[in-house]
2 protein chains.
Amino acid sequence: MYRIGELAKACDINNDTLRFYEKNALLSPSSRSESGYRLYTEKDKDILQFILRAKNVGFTLAEIRELLSIEVNKADNACADVKELVDTKLSAVERKLAELTRFQTSLKRLSDACCGGEESAEHCTILEALESNTDDVRHEHHHD
Amino acid sequence: MYRIGELAKACDINNDTLRFYEKNALLSPSSRSESGYRLYTEKDKDILQFILRAKNVGFTLAEIRELLSIEVNKADNACADVKELVDTKLSAVERKLAELTRFQTSLKRLSDACCGGEESAEHCTILEALESNTDDVRHEHHHD
DNA sequence: CTTGACCTAGGACCTAGATCTAAGGTTTAT
DNA sequence: ATAAACCTTAGATCTAGGTCCTAGGTCAAG
């Protein structure tokens, strides 16, 4: 069991952020001490880390709340609804993955061109690096 | 040449957002009309799209400003500095990629388990799906 | 039994990022 | 030549996501 300060320190966030997440229905401590102190379990910590990771890759707290609320209830026909939500989030993740992969390629190219690359004159900015990596090339090379 | 309203509409953002980006040194129109209207080129549009994509994958405007300022100057020994910045951003991108891949796996698993999967009872929440996907398993299976 | 580190609730305050308002100038179409 | 749709600047306002402040309660160590 962690008290608020312990969990906050372990995850390198502010105590108030934990209170804020509680108020905003993202993470509530599993219990309270006699005197009202918040008590968090290992599982609470896992949830917190999930929240922090999700935030880091660009999900809003509202989206994270949705992700956390996903429950496949096999006995329930809300299952189709759940699947729809999951698939929607999956598409969002896949779009982000595609963007990031593009950034990665460009930055690698830029890194390689820099300091020692013979072709450094070619790829001078992140934008040029990205352009040569573009797949929706339009109205270019139209000289026949 | 796009006027502010045209570019904004083309990229599905607000006119004011473009003025905001200009004030914050992210994107300035290449020129102005006689009467002072902002005039954006195709290249400006590319930069804008870069900004929007970067935002979408969780970069702050400050980080995006840094990315945009990257210039490999082959005649200059600031090159090492540039490489360092690029490599720092590359690490950030690769961390995000790893996180996203993890989300993707979990969401896929969840989607498959739902509506028709026979193992749906096993993977009921995004958290459980993630847990079984965790590679930093700690203090588990310690019964000898 | 008190000092210091911790906790409580409730509300004020802050930053980033964006959007809106006010007062007016420009362009295009009729 | 005048309305409608667009643009200008400057500054106020809004939302998300926190962070800080006040006034007080809790708890371990000396």
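When reading the values below, keep in mind they use all heavy atoms of this one structure, side chains included, and skip hydrogens, waters and symmetry mates. Letters go in sequence order (proteins before strands), and every chain restarts at 1. If you're wondering where the values come from, they're calculated on a predicted model, not measured in any experiment.
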Worksheet item: So, is B/Arg65 near the phosphate of C/dA16, with a side-chain N or O under 4.0 Å from OP1 or OP2?
Response: no

Worksheet item: Which of these nucleotides, C/dT27, C/dA9, C/dC6, is closest to any side-chain atom of A/Arg38?
Response: C/dA9

Discussion item. Could you tell me how far apart A/Ile51 (CD1) and D/dA16 (C1') are, to the nearest whole angstrom?
Written reply: 15 Å

Worksheet item: Rounded to whole angstroms, how far apart are CG on A/Asp16 and C1' on C/dA12?
Response: 12 Å

Discussion item. Please report the distance, rounded to the nearest Å, between CG in B/Leu52 and C1' in C/dG17.
Written reply: 13 Å

Discussion item. Whether the side chain of B/Arg65 engages the backbone of B/Asn24 through a donor-acceptor N/O pair (distance < 3.5 Å, no angle test) should be reported.
Written reply: yes

Discussion item. Testing the 3.5 Å rule here: is there a donor-acceptor pair between the side chains of A/Lys83 and B/Ser111?
Written reply: yes

Discussion item. So if I apply the side-chain contact (heavy atoms from CB on, under 4.5 Å) rule between A/Pro29 and each of A/Tyr37, A/Tyr2, A/Tyr40, which one comes out positive?
Written reply: A/Tyr40

Discussion item. At 4.0 Å (heavy atoms only), tell me whether B/Thr60 reaches a base, stays on the sugar-phosphate, or touches nothing.
Written reply: sugar-phosphate

Worksheet item: Can you find a side chain N or O atom of B/Thr17 that sits less than 4.0 Å from OP1 or OP2 on C/dT19?
Response: yes

Worksheet item: Do NZ/NE/NH1/NH2 and the carboxylate oxygens of B/Lys96 and B/Glu63 come within less than 4.0 Å?
Response: no

Fill in: Interatomic distance, B/Leu39 CG vs D/dT8 C1' [rounded to whole Å]
13 Å

Worksheet item: By a strict heavy-atom criterion of less than 4.0 Å, which residues belonging to residues 2-15 of chain A are in contact with DNA chain C?
Response: A/Arg3, A/Ile4, A/Gly5, A/Asn15

Worksheet, complete the sentence: Between B/Ser35 and B/Leu61, whichever has its closest DNA chain C nucleotide further toward 5' is B/Leu61

Worksheet item: Atom CG of B/Asn56 to atom C1' of C/dA18: distance rounded to whole Å?
Response: 16 Å

Discussion item. With the threshold set at under 4.0 Å for non-hydrogen atoms, list the residues of residues 18-26 of chain B touching DNA chain C in residue-number order.
Written reply: B/Phe20, B/Tyr21

Worksheet entry | Among C/dG25, D/dT9, C/dC7, the one nearest A/Tyr37 by side-chain distance | C/dC7

Discussion item. Check this for me, if you would: do B/Asp112 and B/Arg109 make a salt bridge, where the nitrogen-to-carboxylate-oxygen distance has to be below 4.0 angstrom?
Written reply: no

Worksheet item: Can you find a side chain N or O atom of B/Lys55 that sits less than 4.0 Å from OP1 or OP2 on C/dA18?
Response: yes

